[in-house]
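These notes are about the structure you will find just below.
Not measured: the values here are computed from a predicted model.
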Amino acid sequence: GRISSQIRLQGKNEEAIDVAVDAVNLGTDEYIVFASDITERLLAQSALRESELRLRTITDNIEGAVYQVQYFPDRSPEFHFISQGVRELHELEPEDIINDPRTLMRQYHPDDVHAIKRMTLEAYMSKSIWDLEFRVITPKGHLKWIHARANPYRTDDGKTLWTGFASDVTERRTSLD
């Protein structure tokens, strides 16, 4: 069998060292034991959790939705992040959109679908800003005007992600009509 554990040791200068220990039974009373210092990895994981919590705390207190989306060659989206503001804006849970972006796309007003597809194609092909006002029909039947704007960002591995913000501009749009 195999036994795995993490332990904290007291290092030089009284500093704590986190160690991953794996022991593999050789089939007798003999074991091979592997130990590795995982202190830096655990510190990086903790810093990442703190950073994610800070981002979530900030974005969840903004009226509107902050998001990050990747488009594929067929222009289908994959959301990497969407804030809790999408609940009020679209009457949807962030997890539902991340799991199935079509839940959001099904809200597009039929008269605006072409403009949304055109904007998506332009932004995808030229790796440019996605910026559009369009209508949605929410699950409760509310007609809302949404302004969404996202800037492209190229990742180290060559992907292009659009990071943006969507807000409800219904009041302004209806006062213009």
Q) Can you name the closest pair of heavy atoms from L143 and R135 and give their distance? A) CD1-CB, 3.9 Å

Q | Interatomic spacing from CD in E63 to OG in S167 - rounded to 0.5 Å | A | 8.5 Å

**Q.** Aromatic centroids of Y71 and W162 separated by under 6.0 Å
**A.** yes

(Q) Donor-acceptor pair, distance only, cut-off 3.5 Å: does the side chain of N13 make one with the backbone of E15? (A) no

Q. If you round to the nearest 0.5 Å, how far is CD of E40 from CD1 of I17?
A. 10.5 Å

Q | Atom CZ of R106 with >12 non-hydrogen neighbours under 6.0 angstrom | A | yes

Q) For the residue pair R8 and A16, what are the closest heavy atoms and their distance? A) CD-CB, 3.6 Å

Q) Is it the case that one hydrophobic cluster holds both L161 and I97, taking links as side-chain heavy atoms less than 4.5 Å apart, direct or via other members? A) no

Q.
Just so I know, are the side chains of I146 and L89 near enough to count as touching, which here means a heavy-atom distance under 4.5 Å?
A. yes

Q. How many angstroms lie between atom CG of D37 and atom OG1 of T39, to the nearest 0.5 angstrom?
A. 3.5 Å

Q) Counting heavy atoms not belonging to E88, are there more than 12 under 6.0 Å from its CD? A) no

Q) In terms of side-chain geometry, is the basic nitrogen of R87 or D96 positioned less than 4.0 Å from the acidic oxygen of its partner? A) no

**Q.** Note, T120 side chain near K117 side chain (heavy atom, < 4.5 Å)
**A.** no

Q: Please report the shortest heavy-atom distance between F134 and A148, naming the atom on each side.
A: CE2-CB, 3.9 Å

(Q) Check whether S46 reaches the backbone of L42 with its side chain - one donor and one acceptor, N or O, closer than 3.5 Å. (A) no

Q) Tell me, do I129 and R149 make a side-chain contact under 4.5 Å, heavy atoms counted? A) yes

Q. Would you say P139 and Q107 make side-chain contact, with heavy atoms under 4.5 Å?
A. yes

Q) Can you name the closest pair of heavy atoms from T138 and E91 and give their distance? A) OG1-OE1, 2.8 Å

**Q.** Main-chain N/O of K144 paired to T170 side chain as donor or acceptor, under 3.5 Å
**A.** no

Q. Does Y67 have its ring centroid less than 6.0 Å away from the ring centroid of F81?
A. no

Q. Would you say D29 has more than 12 foreign heavy atoms packed within less than 6.0 Å of its CG?
A. no

Q) Going only through I, L, V, M, F, W and Y residues with side-chain contacts under 4.5 Å, is there a path from V69 to V86? A) yes

Q: Please determine, by modelled atom types, if H147 and D168 share a side-chain donor-acceptor pair under 3.5 angstrom.
A: no

Q. Given the rule that I, L, V, M, F, W and Y join up when any side-chain heavy atoms are under 4.5 Å apart, are F165 and V136 in one cluster?
A. no

Q.
Nearest 0.5 Å, please: how far is CZ in R154 from NZ in K127?
A. 6.5 Å

Q) Can you find a pair of side-chain heavy atoms, one from Q6 and one from I38, that are under 4.5 Å apart? A) yes

Q: State yes or no: do L9 and V21 share one hydrophobic cluster built from I, L, V, M, F, W and Y residues joined by side-chain heavy-atom distances below 4.5 Å, directly or via other members?
A: yes

Q. Which heavy atom of P101 sits nearest a heavy atom of E78, and at what distance?
A. CG-CA, 4.4 Å

**Q.** Donor-acceptor pair, side chain of H109 and main chain of D111, under 3.5 angstrom
**A.** yes

**Q.** T160 side chain vs P152 backbone, donor-acceptor pair below 3.5 Å
**A.** no

**Q.** Verify same cluster id: M125, I116 (apolar side-chain graph, 4.5 Å)
**A.** yes

(Q) I want to check something: taking the side chain as every heavy atom from C-beta on, are M105 and V113 in contact at a cut-off of under 4.5 Å? (A) no

(Q) Taking atom CD as the centre, does E171 end up with more than 12 heavy-atom neighbours from other residues, nucleotides or ligands that are less than 6.0 angstrom away? (A) no

Q | Neighbour count >12 (heavy atoms, 6.0 Å) for atom CD, E95 | A | yes

Q. Does any N or O in the side chain of Q70 come within less than 3.5 Å of the main-chain N or O of K159, such that one atom is a donor and the other an acceptor?
A. no

Q: Measure the CZ-OG distance between R2 and S4 for me, rounded to the nearest 0.5 Å.
A: 5.0 Å

Q | Beyond-backbone contact of V33 with D22, side-chain heavy atoms, under 4.5 angstrom | A | no

Q. Can you list the steps and then say if I82 with V66 is a side-chain contact (heavy atoms from CB on, under 4.5 Å)?
A. CA-CA 6 Å; I82 191 158; V66 177; over 6 Å; no

Q | Under 3.5 Å donor-acceptor, D112 side chain and Y108 backbone | A | no

Q | Enclosure of D74 CG (heavy-atom neighbours >12, cutoff 6.0 Å) | A | yes

(Q) A side-chain contact here means heavy atoms from C-beta on lying under 4.5 Å apart; do N151 and T163 qualify? (A) no

Q. Which atoms form the tightest heavy-atom contact between L104 and F79, and what is the distance?
A. CD2-CZ, 3.7 Å

